[in-house]
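Below is one structure; the comments refer to it alone.
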Amino acid sequence: MSHARRLYPQELLKIAQAAEAQEALSPGEQGARSSVTIVVLSLDRMHLTRRCVESVYAYGDYPFDMLIWDNGSQPETIAYLKELEGSHVNLRVVYHSSNLGPARGRNLAFAEAGTDYVYS
């Protein structure tokens with residue numbers, strides 16, 4: 001059972017207002033943190049992880065951070081995740097050496113998120 005939920009309209013409004021406030025700052029003042037972290041669990045199946053990440057970046061229309069929790073993937077998936085980490089400033093990957101399972105991995109990833117809202 002997933003504990004992920006859709007954001008309520010008032011939460012989306014808060015995110016939009018934060019984005020507008022961020023845009024109103026001068027370029028030197030910008031850099032405030034995002035208010036949403038999107039958590040993605042990864043365990044091999046690189047094609048699905050790739051589709052998920054590409055979709056979020058293609059359709060995400062508000063500032064967000066992305067945290068990918070890797071549950072002990074194979075080297076080719078690790079290489080892909082490191083490539084992603086190098087190409088997106090708002091993406092962070094936590095590598096774990098063994099599979100903790102989806103519930104524990106998600107809970108640990110939620111604890112790593114430093115934003116007001118977390119979405120999985």
Side-chain angles (χ1 to χ4, degrees):
M1 172 186 246
S2 174
H3 292 284
R5 64 174 178 82
R6 295 190 184 274
L7 294 175
Y8 291 111
Q10 60 270 31
E11 294 171 321
L12 292 171
L13 179 62
K14 182 178 177 183
I15 293 167
Q17 289 170 340
E20 289 173 8
Q22 180 72 13
E23 289 173 2
L25 296 174
S26 68
E29 295 174 316
Q30 291 185 3
R33 66 182 179 90
S34 302
S35 61
V36 174
T37 298
I38 298 171
V39 172
V40 177
L41 297 179
S42 171
L43 177 58
D44 297 320
R45 295 189 179 179
M46 186 172 59
H47 65 287
L48 296 176
T49 302
R50 177 180 284 130
R51 288 178 60 190
C52 176
V53 170
E54 288 175 358
S55 177
V56 169
Y57 278 103
Y59 298 105
D61 58 353
Y62 52 85
F64 64 88
D65 291 334
M66 182 176 287
L67 175 65
I68 299 177
W69 182 275
D70 183 73
N71 261 337
S73 292
Q74 298 297 315
E76 60 272 0
T77 302
I78 299 290
Y80 168 70
L81 294 175
K82 288 185 179 193
E83 179 184 315
L84 275 178
E85 209 171 11
S87 62
H88 298 284
V89 296
N90 64 335
L91 185 139
R92 184 166 57 109
V93 181
V94 176
Y95 302 95
H96 201 273
S97 59
S98 63
N99 184 358
L100 300 174
R104 186 157 183 226
R106 186 179 298 111
N107 288 338
L108 290 171
F110 284 4
E112 288 280 325
T115 55
D116 297 330
Y117 301 99
V118 180
Y119 188 79
S120 175

Indicate yes or no: at least one non-hydrogen side-chain atom of [X] is less than 4.5 angstrom from one of [Y].
{"X": "Val93", "Y": "Leu84", "value": "no"}
{"X": "Arg106", "Y": "Leu41", "value": "yes"}
{"X": "Leu108", "Y": "Arg104", "value": "yes"}

Inset, instruction - Please identify each residue that fulfils salt bridge (Lys or Arg N to Asp or Glu O under 4.0 Å) with Glu85, with sequence neighbours left out. - result: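 Salt bridge (Lys or Arg N to Asp or Glu O under 4.0 Å) check on Glu85 returns nothing, list empty.
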
Inset, instruction - Could you tell me which non-hydrogen atom of Ile68 sits nearest to which non-hydrogen atom of Ser42, and how far apart they are? - result: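 Looking at all heavy atoms of both residues, the closest pair is CG2-CB, 3.9 Å.
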
Inset, instruction - Would you name the heavy atoms of Ala109 and Val39 that are closest together and state the gap between them? - result: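 Scanning both residues, the minimum pair turns out to be CB-CG1, 3.6 Å.
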
Legend entry - From Thr37 atom OG1 to Arg92 atom CZ, the distance as rounded to the nearest 0.5 Å: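 The OG1 atom of Thr37 sits 8.0 Å away from the CZ atom of Arg92.
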
Inset, instruction - Find the distance between OG (Ser73) and CG (Leu81) and round it off to the nearest 0.5 Å. - result: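 With rounding to 0.5 Å, OG (Ser73) is 6.5 Å from CG (Leu81).
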
Run the side-chain donor-acceptor check on residues 43-50: report pairs under 3.5 Å with partners two or more places apart or on a different chain.
from: Asp44; atom 1: OD1; to: Gln74; atom 2: N; distance (Å): 2.6

Legend entry - Flag, side chain of Asn99 to backbone of Gly72, donor-acceptor distance under 3.5 Å: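 Here the side-chain-to-backbone pair does not exist.
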
Inset, instruction - Over 60° means perpendicular and under 30° means parallel, so classify the ring planes of Tyr57 and His88, tilted if in between. - result: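 Correct class here is parallel.
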
Legend entry - Step-by-step side chain to side chain contact (heavy atoms under 4.5 Å, CB included) determination, Val56 to Val40: CA-CA 10 Å; Val56 169; Val40 177; 5.7 Å; no

Inset, instruction - Scan for salt bridge (charged side-chain N to carboxylate O under 4.0 Å, His left out) pairs involving residues 69-82, sequence neighbours excluded, and state none if there are none. - result: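 Found none.
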
